[in-house]
A.B. asks: 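The structure under discussion is supplied below as C-alpha cells; questions concerning it will follow.
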Amino acid sequence: PHAVYVRFSDEGIPYNPLTKSDPDVMLSAARTGFINATTIKMPDTATSIGRGAFEGSCLKSFILPQSIKKIGAFAFANCNNLESINIPQGVTEISESTFAGCSSLLSISMPSSLQTIGASAFAESGLTSVTIPNSVQTIGDKAFYQSNLTSVILPASLRTIGKSAFQGCRGINSVSIPGSVNAIGENAFDVFLTNLDINNPLASLAVGQNAFSFAEGAVFYCRASALPTVESKSFANARNATLYVPSASLALYQSTAPWNTFKQIRNIEDGPACATPEIDFDYGKIVVKCETPGAECVRIDWKVSGSQSQR
C-alpha cells in the first residue's frame, strides 16, 4: 500500500489520473488509480462522494472536508484497513452499506445533522462502540448487523429501528429503548440481552418477530401501562427473563400472550435497585463502576469553585 495523489472535480467525483477520463463520470476504485492509496484528502470544494467511490481500497484514513453533504452507498465498503473517520456537519444520511465490511473501523464521529443511518451502513464492521447523535430518527435494516459493538446509546430523537439492526452484535448485553421509538423490526436485538429497558409509557410501540432475545437471568423493564403491539414471537427465550411492568397493569401482562411467557412478571416498583456506583480518577479521567448489570453512566455533574461543570 502506498500514497497516491488523486485529482477530484469540485463535486467530489474522482477521475482516472492515468487515462484522463471525464471527471463527470464516476469510476470504481479499482479503475481510478487509487485502489492502493492509504491516505486521501479531498479538496475543500467537494460536496459529495459517489456510490462505491472507494469500495475495497486500502485506505487507513480519509479526511472529509466540511463541504461534504452527501456520501453515496457503498462509498467505503470493504475498506478493511480504514480505522477511523469523521462525518462532517451537514451530512443528513449515512447511506446503504457505506462502511459495511470495514473490519478495522474502530472510531467514527457522527454530526448533529445526521437523521438516517441506512441499511447495512456499518454491517460487519469493527466498531465496538458508537454514540448516535440526538438527531437520528431512523436506523435502517441491518445497520450494525454482526458488527463488534459492545455498547450503544440510542438517542431520544429515534423513531424507527429496522430489521436485524443489531442482530449478531454479541457484545451488546444491555439496551435502553427511548420513549420516542414507535417501531422495532424483527430480529433487531437478537443478541442475548441481560438487561432491557423500554421507556415508552404508552402503547404506541410495534415490535416485530424475534426483536429481542434474552440470556438466562435477564431482566426486562417495560414501562407501558397499556400493552404495546407485539408479534406472537417478539421475545425469544422469554422463559429466561423476568419482566417488570407498572403495578396497575400487572394482571393484564400476566394474562396476555406473549407477555405471559416470561419466567416471572413483577411490579416495576419491586425491581432491583441500582448499586451505589464507585467514582474514581484514573490518569486524569473520571471512571465510574457499578455492579448492577447493564448500568451505564451517561453524565456526571459537579461544582468547582462555585461553578457547575458537566462531563
Side-chain angles (χ1 to χ4, degrees), residues 61-64 66 68 71 76 82-95 97-100 102-162 164-181 184 188-189 191 193-200 277 279 282 284-290 292-301 309-311:
S61 63
F62 195 98
I63 301 174
L64 288 171
Q66 294 300 309
I68 290 291
I71 303 174
F76 298 93
L82 187 64
E83 297 175 349
S84 65
I85 196 163
N86 293 332
I87 308 297
Q89 187 68 24
V91 172
T92 60
E93 179 180 4
I94 297 177
S95 302
S97 299
T98 300
F99 298 99
C102 293
S103 56
S104 297
L105 184 64
L106 299 177
S107 173
I108 185 164
S109 175
M110 301 181 185
S112 60
S113 58
L114 191 65
Q115 298 178 13
T116 301
I117 297 176
S120 301
F122 298 96
E124 299 180 354
S125 72
L127 283 177
T128 56
S129 64
V130 61
T131 299
I132 300 173
N134 192 26
S135 56
V136 170
Q137 299 182 21
T138 301
I139 296 176
D141 296 349
K142 293 188 173 182
F144 296 92
Y145 176 77
Q146 289 192 353
S147 67
N148 290 337
L149 284 178
T150 58
S151 66
V152 61
I153 298 176
L154 301 176
S157 58
L158 191 61
R159 300 289 183 270
T160 303
I161 301 173
S164 302
F166 297 92
Q167 185 179 21
C169 299
R170 297 302 181 187
I172 294 179
N173 54 41
S174 176
V175 173
S176 179
I177 307 294
S180 57
V181 173
I184 302 173
F189 291 95
V191 294
L193 295 169
T194 59
N195 188 290
L196 172 64
D197 194 330
I198 294 181
N199 287 301
N200 195 330
I279 302 176
D282 185 11
K285 294 183 179 180
I286 294 179
V287 177
V288 180
K289 297 180 181 178
C290 184
T292 303
E296 293 182 82
C297 176
V298 295
R299 194 177 83 171
I300 295 176
D301 294 345
S309 302
Q310 295 179 1
R311 289 286 176 91

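Basis for what follows: all heavy atoms, side chains included, without hydrogens, waters or symmetry-related copies.
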A.B. asks: How close do Ser95 and Ala121 get, heavy atom to heavy atom, and via which atoms?
C.D. replies: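 Shortest heavy-atom separation between Ser95 and Ala121 comes out as O-CB, 3.8 Å.
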A.B. asks: Measure across Pro178 and Ala156 and return the closest heavy-atom pair with its distance rounded to 0.1 Å.
C.D. replies: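 Closest pair (atom of Pro178, atom of Ala156, distance): CB-CA, 4.1 Å.
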A.B. asks: Is the closest side-chain heavy-atom distance between Phe166 and Val175 below 4.5 Å?
C.D. replies: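 Side chain of Phe166 against side chain of Val175, heavy atoms only: no contact under 4.5 Å found.
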A.B. asks: Sequence neighbours excluded, which residues qualify as side chain to side chain contact (heavy atoms under 4.5 Å, CB included) partners of Arg159?
C.D. replies: Gln137, Ser180, Asn182
A.B. asks: Could you walk me through whether Ile161 and Phe189 pass side-chain contact (heavy atoms from CB on, under 4.5 Å), step by step?
C.D. replies: CA-CA 10 Å; Ile161 301 173; Phe189 291 95; 4.0 Å; yes
A.B. asks: Apply side-chain contact (heavy atoms from CB on, under 4.5 Å) to Val181 and Asn199, showing your working.
C.D. replies: CA-CA 9 Å; Val181 173; Asn199 287 301; over 6 Å; no
A.B. asks: Provide the closest heavy-atom pair for Val136 versus Ser157 in the form atom of the first, atom of the second, distance.
C.D. replies: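 Minimum heavy-atom separation between Val136 and Ser157: O-OG, 2.7 Å.
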A.B. asks: What are the two closest heavy atoms between Ser135 and Pro111, and how far apart are they?
C.D. replies: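 Closest approach of Ser135 to Pro111, heavy atoms only: OG-O, 4.0 Å.
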A.B. asks: Sequence neighbours excluded, which residues qualify as side chain to side chain contact (heavy atoms under 4.5 Å, CB included) partners of Ser125?
C.D. replies: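 Counting only residues at least two positions away or on another chain, Ser125 forms a side chain to side chain contact (heavy atoms under 4.5 Å, CB included) with Phe122, Leu127, Ser147.
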A.B. asks: Going from OG on Ser107 to CG on Leu82, what distance comes out if it is rounded to the nearest 0.5 angstrom?
C.D. replies: 10.0 Å
A.B. asks: Just how far is it from atom CG of Leu154 to atom CG of Asn134, taken to the nearest 0.5 Å?
C.D. replies: 11.0 Å
A.B. asks: Identify, with sequence neighbours excluded, every residue that meets side-chain hydrogen bond (donor to acceptor under 3.5 Å, both in side chains) alongside Asp197.
C.D. replies: Arg223
A.B. asks: Just to verify, what does Tyr145 make a ring pair (Phe, Tyr, Trp, His ring centres under 6.0 Å) with, not counting sequence neighbours?
C.D. replies: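 Listed in chain order: nothing, the list is empty.
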A.B. asks: Take Ile172 and Phe144, measure what side-chain contact (heavy atoms from CB on, under 4.5 Å) needs, and give me the verdict at the end.
C.D. replies: CA-CA 11 Å; Ile172 294 179; Phe144 296 92; over 6 Å; no
A.B. asks: CG of Leu158 to CD1 of Ile139: how many Å apart, nearest 0.5 Å?
C.D. replies: 4.5 Å
A.B. asks: For residues 87-94, run the donor-acceptor check on the side chains, cut-off 3.5 Å, and write out each pair with its distance to 0.1 Å, sequence neighbours left out.
C.D. replies:
{"residue": "Gln89", "atom": "OE1", "partner": "Ser112", "partner atom": "N", "Å": "3.3"}
{"residue": "Gln89", "atom": "OE1", "partner": "Ser112", "partner atom": "OG", "Å": "3.3"}
{"residue": "Gln89", "atom": "NE2", "partner": "Ser112", "partner atom": "OG", "Å": "3.1"}

A.B. asks: Could you tell me the separation between the CD atom of Glu124 and the CG atom of Asn148, rounded to the nearest 0.5 Å?
C.D. replies: 10.0 Å
A.B. asks: Atom OG in Ser104, atom CG in Leu106: separation rounded to 0.5 Å?
C.D. replies: 7.0 Å
A.B. asks: Students often mix this up, so state it plainly: with edges at 30° and 60°, are the rings of Phe76 and Phe62 parallel, tilted or perpendicular?
C.D. replies: perpendicular
A.B. asks: Can you name the side-chain hydrogen bond (donor to acceptor under 3.5 Å, both in side chains) partners of Thr128, sequence neighbours left out?
C.D. replies: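 Residues passing side-chain hydrogen bond (donor to acceptor under 3.5 Å, both in side chains) with Thr128: none at all.
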A.B. asks: CZ/Phe99 to CD1/Ile108 distance, rounded to the nearest 0.5 angstrom?
C.D. replies: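 Those atoms lie 4.5 Å apart.
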A.B. asks: Test of understanding: with side-chain hydrogen bond (donor to acceptor under 3.5 Å, both in side chains), list the residues that count as partners of Ser164, not counting sequence neighbours.
C.D. replies: Gln167
A.B. asks: Do Leu149 and Val191 touch side chain to side chain, with heavy atoms closer than 4.5 Å?
C.D. replies: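 Side-chain contact under 4.5 Å: no.
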